[in-house]
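This report refers to the structure that appears directly beneath it.
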Amino acid sequence: MTDRKLLVTAALPYANGHIHLGHLVEYIQTDIWVRFQKLRGNPCLFVCADDTHGTAIMIRARQEGRSESELIADMQAAHERDFAGFGIAFDHYGSTNSTENYELCKDIWQSLRAADLIAERDVEQLFDPVAGTFLADRFVKGTCPKCNSEDQYGDNCSKCSATYSPTDLINPVSTLSGATPVTKSASHLFVQLEKQHAFLEEWTQSGEHLQSEVANYLKGHFLGNPLRDWDVSRPAPYFGFEIPDSQNNFWYVWFDAPIGYIASTWQWCKKNNESLADWWRSDKTEIHHFIGKDITHFHTSFWPGVLKAAGYSLPKFVHIHGFLTVNGEKMSKRGGTQFQASTYLKHLDPAYLRYYYASKLGPKLDDIDMNLTEFVNKIDSDLVGKVINLASRTARFAEPLGLSIEYPHDGGLFAAGAVAGERIAQAYEQLDYSRAMRLIMELADQANAFVENSAPWTLKKDATQQVRLQEVCTIVLNLFRQLCVYLAPVLPRLSQQCGQLLQAELIHWDDSQTPLVGTSISKFEHLLQRIAPEKIQAMIDESKEAVPVVEPTAPAASAPAAVADSGDALLQEPLAPTCTIEDFTKVDLRVARILKAEEVPEAKKLVKLTVSLGGDNTRTVFAGIKAAYTLEQLQGRLVVIVANLLPRQMKFGLSEGMVTAAGPGGTEVFLLGIDSGAVPGQRVH
RNA sequence: CGCGGGAUGGAGCAGCCCGGUAGCUCGCGAGGCUCAUAACCUCGAGGUCGUCAGUUCAAAUCUGGCUCCCGCAACCA
């Protein structure tokens, strides 16, 4: 056994939303690895924290009419509840909004200054005069100054890969208020990452810290060009930490978020009288980050660059996983497949999900699919039918007898299982959990075959065979126990139950290497239920309903029993600022008839519509409703269009208007209809 | 030629790095058992491993071309 000391982190969940099953892929994957390491006897610290800063939190708090600290406290409590419900055993769960984090930010900041990595220059930034705030990159959209692609975010063009500042955008619009931002100058601070280029090249390409796909990706995408300066400050107002040597400037949320990994460790150290340096400034400690593929770039370039400059340990490995799809498709709220952690827990046992994910997870970045039929199958046949069944088949026979004093001859089954343990351990170590689960199920199959051949139920009826019966049960229960050890990282409760049943706690991986003898046996109780299909349906149904808001306001006592629409939609897209009737009349909404709806073969979202405003007045409109409506459904129907919208050149042609619809997009688009009697050309007032 | 991943019996996957009897789970068919949460055991049907070519005594596995699919990214005025 190696003598390693490990520090493990999972990505910090953002305090702007609840945990759903997609997030849990990561936390379960990480938790399994941590539990595995601990079971192997390796000192291992698992830290995480809520990511609490940034414009999004500020805006949301404003919308909910309360302070940021209230918002993040509530969300943190909800997150911790969800994690606990799934048995995610953090050693410490902190918050980026902590004094420790502030101290560390200061410290690291000074190091960056000392290393001459910080540049300061004035930035013309867009300011939303309505919302009263500077606009983060993702809150501004406009036309790319380089290639004139429209609808680009504020920091870079997805079309031509040009990078620029939001003020360079042509026709910028605030996505917060819809207002036209004004340009305001403010001093910004940058980390000059290019100065770390050689180091990052070496670190990412060494083959020791990243999956090969990731290293290739970075090589092809970023390392070939000079690395951009990273703008790490935001002018007030901003919810975050004010930068000590730069008044009215705050660290950008992405600056202090990963430092939260260290801060959370520090908080744990303080509680446990340990030195932070032993964990973050010692080459004896291996640091492992687990993240999703969406934040790859950040964790593999900026973060190592900062750590290096500030003299902290670099991650030994950044483990990157894919996303979760449900029944082969992206999770969708409307389809009822974006399951919130709390919703799942109301209906189903967390052990199911832990095992299911384990059986699907490999070391690659592939997305994993949650197929609900397969989910039920795997739990029922693998867990209940194979593993648990071993105990069910023998524990009651063995109850009055206890385990034999000596481990009987079993034809080498236990020894073979013990040997297989090494391969299983290797699979866990390499994050190839699906392989580990396959190996474990092979052992379970062999054990069940042994039960079959030994027929304890026959032995039981023969008074002269009681010794043999005890032997058979001793063997089977030991095989079961061995499997429980191997499954302990995935199913901690099961291993605990096994310990109670056989009256010997499972505490170390090596418990799988020696048979247990001579103990008595507790009364057998069912260890795990099969999945009731109606529970799955109940979860889907509940998920279809709107996702609950953080703090549901208590309904007024005398409120009439009306339809209880949730406030979620409004929260997703807040009300625009008040406009005058003059503003409104600028928009000319007209009834139009769809004469022709045509497929645009290369387009994924668009359909080409020819609409009539009556008479000869027809025009072409492209609408992003391909996934929501069939061509037949559209043909001939009346819609409401924005008729005086500036025509827009799109990839497939000129669009001369906009069809009105509600909904977030994708399959969730709902066209505005109009009561019968209306005719094309009539204006909507 | 935007980046990455994939195509293996009805479904989902393993095997590919390190060429040499194509394996697992579910489903399906037949039989067995009755201890177990309608669980378990045995046997069987079903695959020219996307396609074309190359290397080789030998290719699912190596090399190249092609087709299709999925993420990300894009076209949701």
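Order of the sequence lines sets the chain letters (A, B, ...), proteins ahead of strands, with each chain counted from 1.
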Which listed nucleotide (B/rC41, B/rC13, B/rA77) is nearest to the side chain of A/Met658?
B/rA77

Using whole Å, report how far CD1 of A/Ile320 lies from C1' of B/rG71.
15 Å

To the nearest Å, how far apart are A/Lys364 NZ and B/rG71 C1'?
15 Å

Please pick, from B/rC26, B/rU34, B/rA36, the nucleotide with the shortest atom-to-atom distance to any side-chain atom of A/Arg396.
B/rA36

By nearest atom, which of the nucleotides B/rC35, B/rU37, B/rG12 is closest to the A/Gln529 side chain?
B/rU37

Contact nearer the 5' end of RNA chain B, comparing A/Ser381 with A/Leu528:
A/Ser381

I'd like the P distance from B/rA11 over to B/rC28, given in whole Å.
15 Å

Base, sugar-phosphate alone, or nothing: which one does A/Leu527 contact when heavy atoms must sit under 4.0 Å apart?
base

Say you pick atom P in B/rU48 and the same atom in B/rC43; how far apart are they, in whole Å?
24 Å

Nearest heavy-atom pair of A/Pro456 and A/Leu469: which atoms, and what distance?
O-CD1, 3.5 Å

Residue among A/Leu479, A/Val476, A/Thr474 satisfying side chain to side chain contact (heavy atoms under 4.5 Å, CB included) with A/Thr394
A/Val476

Heavy-atom donor-acceptor pair, A/Ser454 side chain to A/Val451 backbone, under 3.5 Å:
no

Select from A/Glu442 and A/Phe323 the residue whose nearest nucleotide in RNA chain B is closer to the 5' end of that strand.
A/Glu442

Once you round it to whole Å, what is the distance between C1' of B/rC41 and CG of A/Asn389?
11 Å

Please answer whether the main-chain N or O of A/His321 pairs with a side-chain N or O of A/Gln29 as donor and acceptor at a distance below 3.5 Å.
no

Looking only at atom P, what distance separates B/rC62 and B/rG5, rounded to whole Å?
14 Å

Identify whether any heavy atom of A/Lys460 sits under 4.0 Å from a base atom; if not, whether one sits that close to sugar-phosphate; answer base, sugar-phosphate or nothing.
nothing

Please tell me which of the listed nucleotides, B/rC41, B/rU37, B/rG12, lies nearest to the side chain of A/Ser392?
B/rU37

Report the distance from atom CD of A/Gln446 to atom P of B/rU25, rounded to the nearest whole Å.
12 Å

d(CG, A/Leu383; C1', B/rU25) in whole Å
13 Å

Atom C1', compared across B/rA22 and B/rC68: separation rounded to whole Å:
24 Å

Would you classify A/Leu390 as touching base, sugar-phosphate or nothing, given that sugar-phosphate means primed atoms plus P, OP1 and OP2, and contacts are heavy atoms under 4.0 Å?
nothing

Nearest-Å distance once atom C1' is located in both B/rC35 and B/rA39:
10 Å

Looking at B/rG12, B/rU37, B/rG32, which one has an atom nearest to any side-chain atom of A/Val384?
B/rU37

Could you tell me whether A/Arg530 contacts a base, only the sugar-phosphate backbone, or nothing, with contacts defined as non-hydrogen atoms closer than 4.0 Å?
base

Separation of A/Arg435 atom CZ from B/rG15 atom P, in whole Å?
8 Å

Between B/rC41 and B/rU51, how many Å separate the two C1' atoms, rounded to a whole number?
42 Å

Is there a Watson-Crick or G-U wobble partner for B/rU25 with both distances under 3.5 Å, and if so, which one is it?
B/rA11

Applying a 4.0 Å non-hydrogen cut-off, can you work out what A/Lys378 is touching in the nucleic acid: base, sugar-phosphate, or nothing?
nothing

When you look at A/Trp254 and A/Phe298, which way does the ring-ring contact (aromatic ring centres under 6.0 Å, His included) test go after all the steps?
CA-CA 9 Å; A/Trp254 267 112; A/Phe298 183 82; 4.3 Å; yes

Please answer whether the main-chain N or O of A/Tyr486 pairs with a side-chain N or O of A/Tyr428 as donor and acceptor at a distance below 3.5 Å.
yes

Roughly, in whole Å, what's the span from CG in A/Leu459 to P in B/rC33?
17 Å

In whole Å, measure the gap between the C1' atoms of B/rC70 and B/rG64 for me.
24 Å

Which is true for A/Thr394 with a 4.0 Å heavy-atom rule: it touches a base, it touches only sugar-phosphate, or it touches nothing?
nothing

Expressed in whole Å, how much space separates the P atoms belonging to B/rG46 and B/rC13?
24 Å

What does B/rU42 pair with, Watson-Crick or G-U, if both distances are under 3.5 Å?
B/rA30

Given B/rC33, B/rG71, B/rU37, identify the nucleotide with an atom nearest to the side chain of A/Ile388.
B/rU37

Of the nucleotides B/rG12, B/rG32, B/rG71, which has the atom closest to the A/Lys360 side chain?
B/rG12

Closest to the A/Asn448 side chain, choosing from B/rC41, B/rC26, B/rC13:
B/rC41

Exam field: side chain A/Gln211 to backbone A/Pro363, donor-acceptor pair closer than 3.5 Å
yes

Is a donor on one side and an acceptor on the other found under 3.5 Å between the side chain of A/Arg354 and the backbone of A/Val490?
yes

Report the base-pairing partner of B/rA60 (Watson-Crick or G-U wobble, both distances below 3.5 angstrom), or none.
none

Taking pairing as Watson-Crick or G-U wobble with both contacts under 3.5 Å, can you name the mate of B/rU51, or confirm there isn't one?
B/rG65

To the nearest Å, give me how far apart CG (A/Asp294) and P (B/rG4) are.
19 Å

Taking a pair as Watson-Crick or G-U wobble with both distances under 3.5 Å, which nucleotide is matched to B/rC16?
none

With both distances under 3.5 Å as the test, what is the Watson-Crick or G-U wobble partner of B/rG2?
B/rC72

